[in-house]
There are 2 protein chains.
Amino acid sequence: MQIMIDIDAEEPLFAQLMAEIKLAVSTGTISPGDSLPSIRQLANDLNLNNKTVAKAYQLLERDKIIATKGYRGTFVHPEAKENVDFDLNAWVSNQLDQTIQACRNQGATDSEIRIAFTNIMQNKIRGGH
Amino acid sequence: MQIMIDIDAEEPLFAQLMAEIKLAVSTGTISPGDSLPSIRQLANDLNLNNKTVAKAYQLLERDKIIATKGYRGTFVHPEAKENVDFDLNAWVSNQLDQTIQACRNQGATDSEIRIAFTNIMQNKIRGGH
DNA sequence: CTATGTACCATGTGAATAAGTGGTACATAG
DNA sequence: CTATGTACCACTTATTCACATGGTACATAG
């Protein structure tokens, strides 16, 4: 498995790494059960920070592309090949897009939508003021 | 109609003004067909900037609380009393809240939700990278 | 000429956020 | 002791945005 990270790309480093690993899974370069390099090892090889690799690994585990087994290391998830096709971010984008379009159709300003969104994300669903 | 604006309040000035006018409508202080002070006049009386008052007026017109008639001035909308009860911002908040909770339930990170939201608001529903 | 709403231009301020870096520490198990 | 993933802490950098301000200008119609 050879991974190239472009520091100058506008795509975040952790996202690039995620994409590369997903690609490796979908192309069969790595298969379910295969072991992956440790966070520290991969960070060292790619000249990345541990946290950056850890972030990518955490998200990949959430997406059931990989599975960490604590001190035993990290492995490709048994159902990785099925799960690489599901893009959570795309799903989220679709959900949000529908809602936003509905709000716009009701006449809401983008500014108002943004403010409402921010309030919700901060659990400040303020009513009066 | 007496309107008080609190410069030190955390509520934005234009929002305060909107709330005051809505209140005046719902309490009957002003009635459909009544004329409202001009933007410049009200800005002067309340010591606000023209743009701030104009913003409040524009949003109130969108919400069909008031109706501007060009050079003839601004008036309380015929159906103002019915429309003051509908809070577009609250409706937007509800829509967004439901969608966001659904995304969270799918495992999406708040950060991911924010990024997807930002991309959509910028019409950059990027697919690849 | 005056007043209406409206449309541009621009600026400043403050807050929130993403991304990444860095360090320390922990329990686990070989 | 070493290596695993993981959890905290704090910090910098850059971007985006809401809000408010200021000025200029326009067509409209009295």
Side-chain angles (χ1 to χ4, degrees), chain A residues 5-18 35-44 46-62 66-75 89 108-124 126 129, chain B residues 5-18 35-44 46-62 66-75 89 109-124 129:
Chain A
I5 300 294
D6 180 8
I7 305 182
D8 296 327
E10 59 181 40
E11 185 81 352
L13 303 180
F14 79 92
Q16 290 185 49
L17 181 54
M18 287 181 68
S35 73
L36 287 157
S38 76
I39 289 179
R40 293 173 176 83
Q41 179 67 46
L42 192 54
N44 193 50
L46 300 177
N47 236 303
L48 296 176
N49 188 279
N50 289 349
K51 305 302 182 63
T52 305
V53 178
K55 183 174 183 178
Y57 269 32
Q58 282 179 339
L59 290 173
L60 286 171
E61 185 177 27
R62 180 205 58 184
I66 67 178
T68 74
K69 302 191 177 181
Y71 64 95
R72 272 165 290 175
T74 307
F75 302 85
N89 282 321
T109 304
D110 279 12
S111 176
E112 289 173 316
I113 296 175
R114 282 202 190 89
I115 293 171
F117 177 83
T118 302
N119 286 336
I120 294 171
M121 296 303 281
Q122 293 174 343
N123 291 323
K124 283 191 211 157
R126 60 175 172 182
H129 65 88
Chain B
I5 300 294
D6 180 8
I7 305 181
D8 296 327
E10 60 181 39
E11 186 80 353
L13 302 179
F14 79 93
Q16 290 184 49
L17 180 54
M18 287 180 68
S35 74
L36 287 156
S38 75
I39 289 178
R40 292 173 176 83
Q41 180 65 47
L42 192 53
N44 194 49
L46 300 178
N47 236 304
L48 296 177
N49 187 278
N50 290 349
K51 307 301 183 64
T52 305
V53 179
K55 182 174 184 178
Y57 269 32
Q58 281 179 338
L59 291 173
L60 286 172
E61 187 177 24
R62 180 204 56 184
I66 69 179
T68 75
K69 303 191 177 181
Y71 64 94
R72 273 165 291 175
T74 306
F75 302 85
N89 282 319
T109 304
D110 278 12
S111 176
E112 288 174 317
I113 296 175
R114 283 202 189 89
I115 292 171
F117 177 84
T118 301
N119 285 336
I120 294 172
M121 295 303 281
Q122 293 175 344
N123 290 323
K124 280 194 213 157
H129 68 92

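Naming convention: chains lettered A, B, ... in sequence-line order (proteins, then strands); numbering from 1 in each chain.
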- Query: When you look for runs of 3 or more Watson-Crick or G-U pairs in a row, both distances below 3.5 Å, which of them include DNA chain D?
  - Reply: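 In DNA chain D, stems of three or more pairs: C:1-30 with D:1-30.
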It should be established whether [X] places a side-chain nitrogen or oxygen under 4.0 Å from OP1 or OP2 of nucleotide [N].
{"X": "Thr118(B)", "N": "dT16(D)", "value": "no"}
{"X": "Gln41(B)", "N": "dT4(C)", "value": "no"}
{"X": "Thr52(B)", "N": "dA20(D)", "value": "no"}

Between [options], which nucleotide gets closest to the side-chain atoms of [X]?
{"X": "Gln122(B)", "options": "dT16(D), dG22(C), dG5(D)", "answer": "dT16(D)"}
{"X": "Thr68(B)", "options": "dG5(C), dA19(C), dA20(D)", "answer": "dG5(C)"}
{"X": "Ile115(A)", "options": "dA19(C), dA18(D), dG5(D)", "answer": "dA18(D)"}
{"X": "Phe14(A)", "options": "dA19(C), dC17(D), dT6(C)", "answer": "dA19(C)"}

For [X], report the nucleic acid contact type (base, sugar-phosphate, nothing); a contact means any heavy atom under 4.0 Å.
{"X": "Leu48(A)", "result": "nothing"}
{"X": "Glu61(A)", "result": "sugar-phosphate"}
{"X": "Lys55(A)", "result": "sugar-phosphate"}

- Item | Short side-chain to backbone donor-acceptor contact, Thr109(A) and Glu112(A), under 3.5 Å |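 No, the answer is negative, given that no donor and acceptor are paired below the 3.5 Å cut-off.
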If you restrict it to nitrogen or oxygen atoms, what contacts under 3.5 Å exist between nucleotides 7-10 of chain D and the protein, and what is each distance?
{"from": "dA7(D)", "atom 1": "OP2", "to": "Gln58(A)", "atom 2": "NE2", "distance (Å)": "3.2"}
{"from": "dC8(D)", "atom 1": "N4", "to": "Lys51(A)", "atom 2": "NZ", "distance (Å)": "3.0"}

Nucleotide N/O to protein N/O under 3.5 Å, stretch nucleotides 26-30 of chain D:
{"from": "dA29(D)", "atom 1": "O3'", "to": "Tyr71(B)", "atom 2": "OH", "distance (Å)": "3.4"}

- Is the shortest heavy-atom distance from the side chain of Val53(A) to the side chain of Leu17(A) under 4.5 Å?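 Val53(A) vs Leu17(A): side chains touch.
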- Query: Between Lys55(A) and Thr52(A), does a side chain to side chain contact (heavy atoms under 4.5 Å, CB included) hold up when you go through it step by step?
  - Reply: CA-CA 5 Å; Lys55(A) 183 174 183 178; Thr52(A) 305; 5.8 Å; no
- Message: Rounded to the nearest 0.5 Å, what separates atom CG in Leu60(A) from atom OG1 in Thr74(A)?
- Response: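 Interatomic distance, Leu60(A) CG to Thr74(A) OG1, rounded to 0.5 Å: 10.0 Å.
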- Rounded distance (nearest 0.5 Å) linking atom CD1 of Ile5(A) with atom CD of Glu11(A):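 It is 10.0 Å, given to the nearest 0.5 Å.
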